[in-house]
Amino acid sequence: MLPAKYSPKNVESEIFRFWKDNDVYRKVKEKGGRKFYFVDGPPYTTGRIHLGTAWNKVIKDTILRYKRMMGYTPTDTPGWDMHGLPIEVKVEQELGFRTKRDIESFGIDKFIEKCMNYALANKDAMTEQFKMLGVWMDWERPYMTIKAEYMNAAWFAIKRAYERGLLERKKRVVNWCYRCETALADAEVEYWDEEDPSIYVKFPVKGENNTYIVIWTTTPWTLPANMAVAIHPSLEYAKIRAVKNGEVEYLILAKELADSVLGKGDYDTWEVVETYLGEDLEGLEYEHPLADEVPIQKKWRHQVFFADFVTAENTGCVHIAPGHGVEDYELGAEKGLEVFNPVDDRGIYTEEAGKYAGKHVKEANDEIIDDLYRKDLLLVEGRVVHRYGHCWRCKTPIIYRATEQWFIKITELKDEMIREIDMVQWIPEWAGSARFKEWVSNAKDWCISRQRYWGIPLPIWICEECGKIRVVGSIEEVPWESDLDLHRPKIDAVIFDCECGGKMKRVPDVFDVWFDSGVASWGSIAYPLRKEKFEELWPADFITEGHDQTRGWFYSQLGTSVICFDKAPYKAVLMHGFTLDEQGRKMSKSLGNVVEPEEVVGQIGADGFRLYVLYSAPWEDLRFSWEEARNVNRMLNIVWNAVRFAYTYMNLDNYRFDGEMGELKIEDRWILSRLESFCKEANDAMEGYQIHRVVRAFFEFFVEDFSRWYIQLIRPRVWEERDSPSKIAAYYTMFRVIDRTMRIIAPFAPFISEWFYQHVIKRFRDGKESIFLESYPEPEIELINSELEEAMKVAKDVVEAASNARNKAKRKLRWPLRELVVESENEKVRKAVELLEEIIRYQCNVKNVRVVTSFEKEVVIKPNYKVIGPLLKDKAGKFADYVSNLKEIPEKIEFEGEEIDSREALVVDYKLPEGYEYADFPGGFVYIYKELDDELIREAYARELIRRIQEMRKELDLDVEEFIGTTVEMDPELVEGWEDYIKSETRSEKLIFGKAEGYVKVWDIEGKKVKIGIKRMS
RNA sequence: GGGCCCGUGGCUCAGCCUGGUUAGAGCGCGCGCCUGAUAAGCGCGAGGUCCGGGGUUCGAACCCCCGCGGGCCCA
């Protein structure tokens, strides 16, 4: 016997042990087959997996297992993204560090060691979590971004970029984190709402008294670096005469914005005295508002320029600081402005900032506002809530700073990248054609340098004497012994001799971590250090990641790959969604709505977890719901029960699956057809990576068709004689269904399918060591009989309708009825009912089934009181009289001068011949004859009796085959003629009407007291 | 301001690409039923302006356009 209840825990621990003890994973891998290059997007080694990463790996594992069963040997090297700021920040926190100086004095070597150990420990912890989900990857041999052979892949790429003229060192405004003291890529900036100062500042126009250009800013700290004002050439500007406390001043700003701006200040009156287009203002000079505080500003001329990016917002005049803004910088470059940046790495003003030197920019805001106020250059001061960028790891607000950085000129590669996007199969299609293309076409040059420690060192050496650059493209050009010794500070000690006789030193920067993972498609197979695999496999056949990777890994890989090979590194990309909580919110610690994968697995098992996450469309966000997760578990329980049913009887009969079909009955042919239809659906869906369709089809087939319908139909057949051809057919059919279905669903639910393979499938036929050494079933199309499938649908509908009619007639199913009539004008329906008449008769518990095109019933038209009541009030009664004379529904009703919609006001009922009840179904109507005669009642009583004896047998915990003696205290006439039936159904050797003996219970059958006694015979 | 996605009973979601009976499922709710797969299971019922508005079409949840609401990303 199989365990009565499905216990995921027991199933999983047994299978884990089985796989481990027998080294199954290795055997499956060694089976060999066609190549399939899968690249794992490396999760960052945070130490814990969350629902999203768990979902991600489950999708991957399902695809890999499917591919293996399809005869491929997919690469299944898991990856780990191990460098970067997040780990540095963690280690810094652990050590209580606040700045880079703390790290330097602690020792970079020791710091790096800490980071490495931290990353490695996290990797190990996460590996265990992934294993728990049943993910079969080569955990012993992962690829890691910290390995020399991997770092080599990044060096190779940067060298290629350099050779192609795509690597550039330039001063640019970058996102800067002053806590981490490093540049950040756009992808590393996270936006959320924050409150900042919002100030309107008056810039004095040169040579004119009391005349000002008005600008607006949320970053007062950038004003010391102001170099210009930008306006839009075709926007209308105005000079406003404004009066405050009797004093007059003139303000220049966009005309349409004047009232709203002036209204904020404390002016008494104002009026437009002059208007001009932006272009008339070009070249207008002004004095820097903080020229006294920042003396160096007196060196430069300040004037007004055009810029297209100016919009009619705020004042229409934009403060330009080329050292602190991307657009500012670009405008500055165009107009030849100085890139003035008086802020250092830590966000502290340098000496150049004059009076503000030594202050932190965020602290200087207030002082600058005060100074402006004191000088009467502050029109108004307020606060504003707006979206502002933050360092995505340490959450510090970023600032913009012009610094020297290393860039990849993505802008020159865009066309090629976009062309390559079209060569890739995207699932869903819009992930590539819309979302990713949009991102790439807006991409800017990629800043790849970081002023940090824990990362792949930039392999760029510069001569201190002549400035010559050497980009190293292979680790073989530098001394290295072990896997892990290419990090800082060791690599910093490598010095080359320059042709000029000078010394070449390495640029101290490390790579942006996105560059690390960007080279995964060859780094993971150690190219170019080793070449064979690359030549055989590249590019990847398939990758899958969440939609956040549009700007992440999909992008970084495409960029590096186009640089190195002019080609996309992947052929197919499945983009999946995000996991959210039930309300659709992000899961976060602060909201307290985080659900841990272990928690889910603990409740419903790994198979349950997997099927739950694979149940909905992968590209949609997944709102996690415990309710739904448990529901999947319930369905698995039905699967368990269905298999257990089959097993129980096949086992009892020592069944052997040898291809002998016996005599297949129509329901057998039906479920075998459905099996192949399901199999076809699964195969088709998997080819298009429509994973959820397989899971849905599986439950539909196995729970709905096999368990709820087929097994109900064949229950009597498993009690037939051992060599009965009909029973053999049932066994053959059930076995085939289970065998094939388990193999189809194995990639999705590996534990339960392996368990059934070991305990059920191999019990009745020879097999392989593991289900994963079997091949994935391909549909046998010739067994599909769509007409029969259609017909069975009709039969099911009829049975449902009959059940409905019984409900109305208050006739429970145990009570047999004389007749069931199906009324339909549809030829297909009639044929189906005739074909499956026996099934309908048995399922509906009726003696006779009849099909007619038209049943003798009378149409009765009644008023719909719900509608006409409120409408006609006291006239409703009169209306009812009027309606009672109608023979058919008229199009329109004119009643007492009112026009009434007949569809709303009338309801149709049918008057049936005496004794019938009806219900409708999609093909027509079903009628049952509900009257009982003595013969039916005797049968009904017999069944009532049987049912109770069965329950008593169970209460005594009797074996199914055990014989009993039964004594019943009731009028024997009630079941006359059914004695043998009762005896055989209940395995009673004797049935005596007399004093109840043995295990005795008193029952109430339809109001009659009946005492039943049973006892064991042996 | 831009791009993408989403909006279907109280809840979670299929269906939409490829238009075609009366729009489905599960959960929840109400009423029943069944029972040697059984601390399960099954049926029936109530509950839907398929976000709104226009268009294309003989026909739109589905295709197109314009809105509204939500999410993500970008500015």
Side-chain angles (χ1 to χ4, degrees), chain A residues 1-2 4-6 186-187 189-191 309 311 313 326-327 387 389 428-431 433-439 441-444 546-548 550-552 575 577-578 580 582-586 612 615-617 619-632 634-635 637-649 688 690 692-693 695-696 699-700 703-704 707-709 711-712 715 718-719 799-808 810-815 826 843 845 919-923 943 946-951 953-954 957-962 985-987:
Chain A
M1 279 293 275
L2 300 187
K5 214 173 170 261
Y6 166 52
D186 291 337
V189 178
E190 222 176 56
Y191 292 83
F309 60 78
T311 56
E313 285 171 291
V326 177
E327 286 168 330
R387 289 178 74 73
E429 192 271 337
W430 50 260
S433 65
R435 200 179 176 121
F436 192 34
K437 254 191 202 172
E438 158 74 15
W439 167 261
S441 58
N442 289 329
K444 296 191 216 127
H547 52 53
D548 55 331
T550 301
R551 68 169 191 175
M575 184 185 82
F578 256 42
L580 307 171
E582 205 152 0
Q583 281 82 47
R585 297 171 307 179
K586 228 173 168 171
Y612 169 66
Y615 193 73
S616 45
W619 46 84
E620 298 287 342
D621 286 346
L622 181 78
R623 295 189 179 197
F624 183 82
S625 150
W626 276 108
E627 206 48 52
E628 294 302 302
R630 290 201 189 93
N631 191 38
V632 168
R634 263 194 289 278
M635 290 201 276
N637 203 41
I638 298 176
V639 171
W640 182 272
N641 281 333
V643 175
R644 184 168 180 268
F645 171 85
Y647 177 88
T648 302
Y649 296 101
Q690 306 276 312
H692 65 300
R693 289 178 195 258
V695 180
R696 286 173 177 274
F699 283 125
E700 173 77 18
V703 174
E704 198 62 45
S707 173
R708 288 182 189 157
W709 191 247
I711 288 183
Q712 302 314 318
R715 288 171 89 136
V718 300
W719 285 97
V799 173
E800 268 187 21
S803 167
N804 188 0
R806 267 185 183 272
N807 241 339
K808 288 198 224 168
K810 301 211 188 310
R811 286 281 178 263
K812 45 188 181 177
L813 187 58
R814 205 149 48 216
W815 289 58
N826 185 329
Q843 289 301 303
N845 194 17
D920 61 343
F921 77 103
R943 292 180 70 144
I946 289 165
R947 147 96 189 86
R948 283 163 179 85
I949 296 168
Q950 301 286 38
E951 190 165 328
R953 283 184 63 109
K954 196 156 46 165
D957 207 18
L958 296 183
D959 193 271
V960 279
E961 303 206 292
E962 208 162 332
E985 283 294 307
T986 59
R987 292 185 87 78

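Quick caveat, the model's predicted, so the values are computed rather than measured. In what follows, every chain begins at residue 1, and chains take the letters A, B, ... in the order their sequences are listed.
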Participant: How close or far is atom P of B:rG71 from atom CZ of A:Arg435, stated in whole angstroms?
Facilitator: 15 Å

Participant: Using the rule ring-ring contact (aromatic ring centres under 6.0 Å, His included), only one of A:Trp619, A:Phe699, A:Tyr615 pairs with A:His692; which is it?
Facilitator: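 With A:His692 as partner, A:Trp619, A:Phe699, A:Tyr615 yield a single ring-ring contact (aromatic ring centres under 6.0 Å, His included), made by A:Trp619.
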
Participant: Please report the interatomic distance CZ(A:Arg630) to OG(A:Ser625), rounded to the nearest 0.5 Å.
Facilitator: 8.5 Å

Participant: Rounded to the nearest angstrom, tell me the gap between atom CD in A:Gln843 and atom P in B:rC33.
Facilitator: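 Nearest whole value for this atom pair: 18 Å.
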
Participant: Please pick, from B:rA40, B:rG71, B:rC33, the nucleotide with the shortest atom-to-atom distance to any side-chain atom of A:Leu813.
Facilitator: B:rC33

Participant: The side chain of A:Arg634 lies closest to which of these nucleotides: B:rC27, B:rA14, B:rC44?
Facilitator: B:rC27

Participant: Which of these nucleotides, B:rG15, B:rC44, B:rC33, is closest to any side-chain atom of A:Lys812?
Facilitator: B:rC33

Participant: Taking atom P of B:rA40 as reference, at what distance in whole Å does atom CZ of A:Phe645 sit?
Facilitator: 20 Å

Participant: Distance between the C1' atoms of B:rC6 and B:rG47, in whole angstroms?
Facilitator: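 24 Å, rounded to whole Å.
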
Participant: Report which part of the nucleic acid A:Asn442 touches: base, sugar-phosphate, or nothing (heavy-atom distance under 4.0 Å, all strands).
Facilitator: nothing

Participant: Do you see a donor-acceptor pair shorter than 3.5 Å between the side chains of A:Glu438 and A:Asn442?
Facilitator: yes

Participant: Could you give the CZ-to-C1' distance, from A:Arg623 to B:rG26, as a whole number of Å?
Facilitator: 17 Å

Participant: Sticking with atom C1', work out how far B:rA25 lies from B:rC65, rounded to a whole angstrom.
Facilitator: 33 Å

Participant: Just name whichever nucleotide pairs with B:rA14, Watson-Crick or G-U, keeping both distances under 3.5 Å, else none.
Facilitator: none

Participant: Measure CG/A:Asn804 against P/B:rC31 and give the value in whole Å, please.
Facilitator: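 One finds 17 Å between P of B:rC31 and CG of A:Asn804, rounded.
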
Participant: Give the nucleotide from the list B:rG26, B:rA40, B:rG45 with an atom nearest to the side chain of A:Asn637.
Facilitator: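 For A:Asn637, the side-chain atoms sit closest to B:rA40.
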
Participant: Would you state whether a donor and an acceptor, one from the side chain of A:Glu628 and one from the base of B:rG26, lie under 3.5 Å apart?
Facilitator: yes

Participant: Paired with B:rA61 by Watson-Crick or G-U wobble geometry, both distances under 3.5 Å: which nucleotide is it?
Facilitator: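 Paired with no nucleotide.
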
Participant: Tell me the interatomic distance from A:Glu951, atom CD, to B:rA40, atom P, rounded to whole angstroms.
Facilitator: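 After rounding, the gap between these two atoms is 14 Å.
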
Participant: Base, sugar-phosphate or nothing for A:Arg806? Non-hydrogen atoms, less than 4.0 Å.
Facilitator: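 The answer is nothing, as A:Arg806 stays clear of every strand by at least 4.0 Å.
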
Participant: Within this structure, what is the OH-to-C1' distance between A:Tyr615 and B:rC27, rounded to whole angstrom?
Facilitator: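 My rounded result for the distance is 11 Å.
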
Participant: Using the side-chain heavy atoms of A:Glu438, tell me which of these nucleotides is nearest: B:rG3, B:rG15, B:rG26.
Facilitator: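 Nearest to the side-chain atoms of A:Glu438, counting from C-beta on, is B:rG3.
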
Participant: Considering every strand shown, what is the Watson-Crick or G-U wobble mate of B:rG45 when both distances are under 3.5 Å?
Facilitator: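 In the structure as shown, B:rG45 has B:rC29 as its Watson-Crick or wobble partner.
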
Participant: Check the phosphate of B:rC27 against A:Arg630, side-chain N and O only, distance under 4.0 Å to OP1 or OP2. Yes or no?
Facilitator: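 Negative; the distance criterion is not met.
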
Participant: Once you apply the 3.5 Å cut-off to both distances, tell me the Watson-Crick or G-U wobble partner of B:rC34, or none.
Facilitator: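 None - no nucleotide pairs with B:rC34, as no candidate has both distances under 3.5 Å.
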
Participant: With P as the reference atom in both, quote the distance from B:rA40 to B:rC29 in angstrom, rounded to an integer.
Facilitator: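 Straight-line distance between the two P atoms is 15 Å.
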
Participant: Mind checking A:Phe921 for me? I need base, sugar-phosphate or nothing, with any heavy atom below 4.0 Å counting as a touch.
Facilitator: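 Base contact.
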
Participant: Hunt down the Watson-Crick or G-U wobble partner of B:rG19, both distances under 3.5 Å, from any strand shown, or write none.
Facilitator: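 Its partner is none (no Watson-Crick or G-U wobble pair with both distances under 3.5 Å).
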
Participant: Looking at the side chain of A:Glu620, which of B:rC44, B:rC6, B:rC27 is the nearest nucleotide?
Facilitator: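 Given the options B:rC44, B:rC6, B:rC27, the side chain of A:Glu620 is closest to B:rC6.
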
Participant: When all nucleic acid strands are considered with a 4.0 Å heavy-atom cut-off, which category describes A:Arg947: base, sugar-phosphate, or nothing?
Facilitator: base

